[in-house]
K.L.:
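Dropping the structure in here first, questions after.
On a predicted model such as this, the values are computed, not experimentally measured, just so you know. Only heavy atoms go into these numbers, but all of them, side chains included; no hydrogens, no water, no symmetry mates.
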Number of protein chains: 2
Amino acid sequence: MASIKDVAHHAGVSVATVSRVLNDHPSVRADTRDRVLTAVAELGYRPNAVARSLRTDQTRTLGLVISDVLNPFFAELARSVEDEARALGYSVVIGNADERPDLQDHHVRTLMDRRIDGLLVTPTDGGSPLMLDAARSGTPMVFVDRWIKGVDVPVVRTDGTDAVRDLVAHLHALGHRRLAIVAGPAATTTGRERVEAFRSALHEFGLALPADFIGQGDFQAESGRRVTARFLDLPEPPDVIFAADNLMALGAMDEIRARGLRVPGDVALAAFDDIPWFVHTDPPITAIAQPTGELGRAAVRALIDRVEGRTTDSVILSARLVTRRSCGEPEGSKP
Amino acid sequence: MASIKDVAHHAGVSVATVSRVLNDHPSVRADTRDRVLTAVAELGYRPNAVARSLRTDQTRTLGLVISDVLNPFFAELARSVEDEARALGYSVVIGNADERPDLQDHHVRTLMDRRIDGLLVTPTDGGSPLMLDAARSGTPMVFVDRWIKGVDVPVVRTDGTDAVRDLVAHLHALGHRRLAIVAGPAATTTGRERVEAFRSALHEFGLALPADFIGQGDFQAESGRRVTARFLDLPEPPDVIFAADNLMALGAMDEIRARGLRVPGDVALAAFDDIPWFVHTDPPITAIAQPTGELGRAAVRALIDRVEGRTTDSVILSARLVTRRSCGEPEGSKP
DNA sequence: ATCCTCCTTGTAATCGATTCCACGAGGAGG
DNA sequence: CCTCCTCGTGGAATCGATTACAAGGAGGAT
């Protein structure tokens with residue numbers, strides 16, 4: 001592969017001049033510039049980004065450590081992050097943590113070794129020593145969707161409180177009184193917040209959230225299935241199951257179907273995070289939709305602000321309820 | 001951030017010695033090694049991968065240019081690629097082409113500028129000049145899932161011919177005779193091959209595939225919807241629609257549902273690529289399942305073989321039919 | 001005691017860029 | 001005609017690692 005030296009030699013100039021041409025430095029005579037450009041074209045030369053990064057101490061690359069690529073919500077988030085970053089002249093390197101803190105650490109370490117300019121993270125836990133170090137060490141960092149308490153890092157996330165209240169209101173109106181939740185890991189903010197929002201919405205409607213009706217999941221389908229099984233084995237099972245993410249909702253459906261029960265006849269089902277498939281499931285699933293694309297884009301803008309030395313605040317967007325048939329017939333419509 | 005010089009200074013040795021310790025060079029006295037290791041720990045030193053790559057001319061990074069992260073099939077492929085690569089000591093940088101040749105080129109260029117050690121691609125088209133160049137230029141490269149004709153690059157893919165024949169047999173047994181296909185872009189091999197497999201399977205059963213029954217899609221949901229609309233507007237619409245990927249199947253469902261038609265009563269539906277949601281759609285969708293994980297892992301192994309100077313052959317895995325209810329009741333079961 | 005090895009370590013070149021500094025040519029001003 | 005500036009360019013240092021080569025010291029053989 002041709003290097004800047006080859007180009008310089010080919011054009012009969014010094015490497016300094018080639019570099020100037022490549023970086024649009026003004027003080028290069030037009031004909032010299034042309035000669036260099038011709039040499040570049042003839043050799044098919046492309047600057048070595050590795051060497052450039054070493055010298056300039058910037059990679060124009062952002063790291064994104066995501067909880068789970070197989071979760072359509074995060075896939076969409078990753079996509080919007082990449083789109084916005086590209087528009088702003090940055091590349092994105094994605095690390096998939098698969099909801100595992102050890103893998104998350106692995107990716108954070110690898111990305112920092114690669115000297116990425118900034119890091120976007122959806123933490124899968126309460127903050128490993130490594131993550132805390134990274135946050136303190138000065139690497140520009142922004143949390144998306146989930147965050148870690150007590151760490152001074154801007155957060156771009158969705159507040160689902162109102163949407164959850166709307167959901168509970170909807171469920172209450174349909175006559176449901178025994179509502180259970182498949183929660184995410186308590187180590188994640190979204191894991192805790194969604195339970196809290198649910199609990200306080202229930203309280204508003206004079207309902208309690210007994211311990212039996214809180215199932216500990218891990219945002220993966222299998223845990224949704226396991227928790228649902230536990231719920232359904234209860235002497236007095238819930239009449240609504242609210243899954244804190246779409247994969248656990250999938251697991252819940254698996255279990256409900258395996259038992260030959262019907263949604264919403266036997267149990268109603270709702271999920272946090274809306275995905276295209278929810279329109280076509282049997283029945284279509286009522287869900288809380290996040291502005292995923294905007295979340296990703298805002299996160300990138302916030303991160304790049306930090307990278308380029310500007311300051312940023314946290315951003316909080318809001319979610320909304322999308323009513324379908326999985327909790328019972330919406331008002332005024334028929335089977 | 002501490003550099004190797006700081007470590008050397010702190011430990012009272014030269015940078016060469018630090019480097020030797022870090023790379024497990026045998027000729028370092030035990031106590032020197034300990035001193036260096038202590039310094040490394042005290043400073044929290046991590047080698048700069050950029051500098052190391054520049055010197056060693058290898059990044060231990062693989063590039064993966066994928067057609068569309070939002071497609072669950074590719075998300076799973078990406079995940080398995082990353083898993084296997086990590087197990088073998090490599091990182092993966094993913095570029096999402098969004099089925100757009102220009103974006104694909106952008107990512108190929110960016111990845112090559114970053115001097116990735118090898119490139120894994122699912123081409124979205126017949127091969128841009130850039131891609132052809134890259135293939136010829138000596139960058140180790142392997143195609144996954146899709147490939148480009150006339151380029152000497154190993155391919156790791158699934159042969160769906162038998163599964164498609166099984167599907168057609170299944171459809172034929174259920175009494176369907178008017179079968180249509182929502183094809184992928186003709187510029188992609190999977191776009192063409194799936195149509196060809198379908199056509200020759202139909203032929204085997206004495207059926208034709210009229211031009212009207214081949215709809216040009218682009219592997220995205222919206223095109224599935226558009227093509228399905230065209231099919232349903234035909235004076236004699238098909239009684240089966242086979243979508244060449246899962247997103248176009250989603251689009252097809254959107255359109256069918258929008259018209260108030262029922263699956264499989266009014267039209268049957270089948271898809272290439274199986275995804276977890278297909279179990280829970282209304283009705284569950286019959287699909288052709290690829291061994292996605294194995295595909296990704298085999299591709300990584302093939303690529304790393306090339307990177308490390310071994311030779312590789314192409315790998316062809318096979319797909320299988322998963323029968324559900326979207327084409328009619330399977331033999332011996334009831335509604 | 002001398003010389004030869006082997007072991008351990010340091011010095012310095014190198015990878016491919018960027019960028020500070022210096023230098024020569026040419027034009028303007030005195 | 002000389003001095004000073006500006007403009008365009010080249011030389012060389014630098015980023016943080018790796019590694020070939022050299023060198024110093026210890027120990028063994030003669």
Side-chain angles (χ1 to χ4, degrees), chain A residues 1-40 43-61 109-117 137 139, chain B residues 1-40 43-61 109-117 137 139:
Chain A
M1 190 145 290
S3 80
I4 196 171
K5 251 182 241 167
D6 302 318
V7 176
H9 197 254
H10 201 261
V13 298
S14 72
V15 293
T17 301
V18 176
S19 177
R20 288 195 193 92
V21 171
L22 263 29
N23 293 286
D24 291 315
H25 190 95
S27 74
V28 177
R29 232 190 315 142
D31 63 321
T32 313
R33 169 182 310 270
D34 288 348
R35 231 159 3 112
V36 170
L37 259 17
T38 321
V40 165
L43 296 174
Y45 168 75
R46 300 239 80 216
N48 183 328
V50 174
R52 184 190 302 234
S53 295
L54 177 60
R55 184 59 235 251
T56 60
D57 199 34
Q58 52 161 333
T59 50
R60 293 201 75 79
T61 299
R109 201 180 341 255
T110 309
L111 291 168
M112 301 209 26
D113 286 354
R114 297 249 147 84
R115 300 301 192 265
I116 41 118
D117 293 341
S137 79
T139 310
Chain B
M1 188 145 292
S3 82
I4 195 171
K5 250 182 243 170
D6 303 318
V7 176
H9 198 255
H10 201 261
V13 297
S14 73
V15 294
T17 301
V18 177
S19 177
R20 287 195 193 94
V21 171
L22 263 28
N23 293 284
D24 291 315
H25 191 94
S27 74
V28 178
R29 230 190 318 143
D31 63 319
T32 312
R33 166 180 313 268
D34 289 347
R35 230 158 3 113
V36 170
L37 260 16
T38 318
V40 165
L43 297 174
Y45 168 75
R46 299 240 80 215
N48 183 328
V50 175
R52 183 189 300 228
S53 294
L54 176 60
R55 183 62 236 250
T56 60
D57 199 32
Q58 51 163 336
T59 51
R60 293 201 75 80
T61 299
R109 200 180 343 255
T110 308
L111 291 168
M112 300 211 22
D113 285 354
R114 297 249 145 86
R115 301 301 192 266
I116 41 115
D117 293 341
S137 78
T139 311

K.L.:
Under 4.5 Å between any side-chain heavy atoms of B/Leu22 and B/Val40, yes or no?
P.N.:
yes

K.L.:
Have a look at B/Val28 and say if it touches a base, only the backbone sugar-phosphate, or nothing, with a 4.0 Å heavy-atom cut-off.
P.N.:
sugar-phosphate

K.L.:
Can you tell me if the side-chain N/O atoms of A/Thr17 get under 4.0 Å from OP1 or OP2 in D/dG10?
P.N.:
yes

K.L.:
At 4.0 Å (heavy atoms only), tell me whether B/Val18 reaches a base, stays on the sugar-phosphate, or touches nothing.
P.N.:
nothing

K.L.:
How is A/Thr32 classified with respect to the nucleic acid when contacts are heavy atoms under 4.0 Å: base, sugar-phosphate, or nothing?
P.N.:
sugar-phosphate

K.L.:
More 5' along DNA chain C: B/Val15 or B/Asp57, using each one's nearest nucleotide?
P.N.:
B/Val15

K.L.:
Classify B/Ser3 by what it touches in the nucleic acid, base, sugar-phosphate, or nothing, heavy-atom distance under 4.0 Å.
P.N.:
sugar-phosphate

K.L.:
Between D/dA17 atom C1' and A/Asn48 atom CG, what is the distance in whole Å?
P.N.:
14 Å

K.L.:
Do A/Arg114 and B/Thr61 have a side chain donor and acceptor closer than 3.5 Å?
P.N.:
yes

K.L.:
Under 4.0 Å, heavy atoms only, any strand: does A/Ser27 hit a base, just the sugar-phosphate, or nothing?
P.N.:
base

K.L.:
Any idea which of C/dC15, D/dT18, C/dG10 is nearest the B/Ser14 side chain?
P.N.:
C/dG10

K.L.:
What nucleotide among C/dG16, D/dT9, C/dT11 has an atom nearest to a side-chain atom of B/Ala16?
P.N.:
C/dT11

K.L.:
Between A/Asn23 and B/Pro26, which has a closest nucleotide on DNA chain C that is more 5'?
P.N.:
B/Pro26

K.L.:
Using side-chain heavy atoms (C-beta onward) and a distance below 4.5 Å, is B/Arg33 in contact with B/Asp24?
P.N.:
yes

K.L.:
For B/Gln58 and D/dA17, what is the distance between atoms CD and C1' respectively, to the nearest whole Å?
P.N.:
13 Å

K.L.:
Hey, does A/Ser19 have a side-chain heavy atom less than 4.5 Å from the side chain of A/Ile4?
P.N.:
yes

K.L.:
B/Thr56 near the nucleic acid: base, sugar-phosphate alone, or nothing, with a heavy-atom cut-off under 4.0 Å?
P.N.:
sugar-phosphate

K.L.:
Taking atom P of C/dG10 as reference, at what distance in whole Å does atom NE2 of B/His25 sit?
P.N.:
13 Å

K.L.:
Regarding D/dG10, can its base be found pairing with the side chain of A/Arg20 as donor and acceptor, where the two atoms are less than 3.5 Å apart?
P.N.:
yes

K.L.:
What contact category does B/Val50 fall into here, base, sugar-phosphate, or nothing, at under 4.0 angstrom with non-hydrogen atoms?
P.N.:
nothing

K.L.:
Using whole Å, report how far CG of B/Leu54 lies from P of D/dT14.
P.N.:
17 Å

K.L.:
Between P on D/dA17 and NZ on B/Lys5, what's the gap in Å once rounded to a whole number?
P.N.:
9 Å

K.L.:
Rounded to whole angstroms, how far apart are CZ on B/Arg115 and P on C/dC15?
P.N.:
14 Å

K.L.:
Record whether the side chain of B/Arg55 comes under 3.5 Å of the base of C/dT14 through a donor-acceptor pair of N or O atoms.
P.N.:
yes

K.L.:
Is the shortest heavy-atom distance from the side chain of B/His10 to the side chain of B/Val7 under 4.5 Å?
P.N.:
no

K.L.:
Could you state the atom-to-atom distance from CG of B/Asp31 to P of C/dT8 in whole Å?
P.N.:
10 Å

K.L.:
Send over the distance from B/Arg52 CZ to D/dC15 C1', rounded to a whole Å.
P.N.:
16 Å

K.L.:
Is the shortest side-chain heavy-atom distance between A/Arg52 and B/Val50 below 4.5 Å?
P.N.:
no

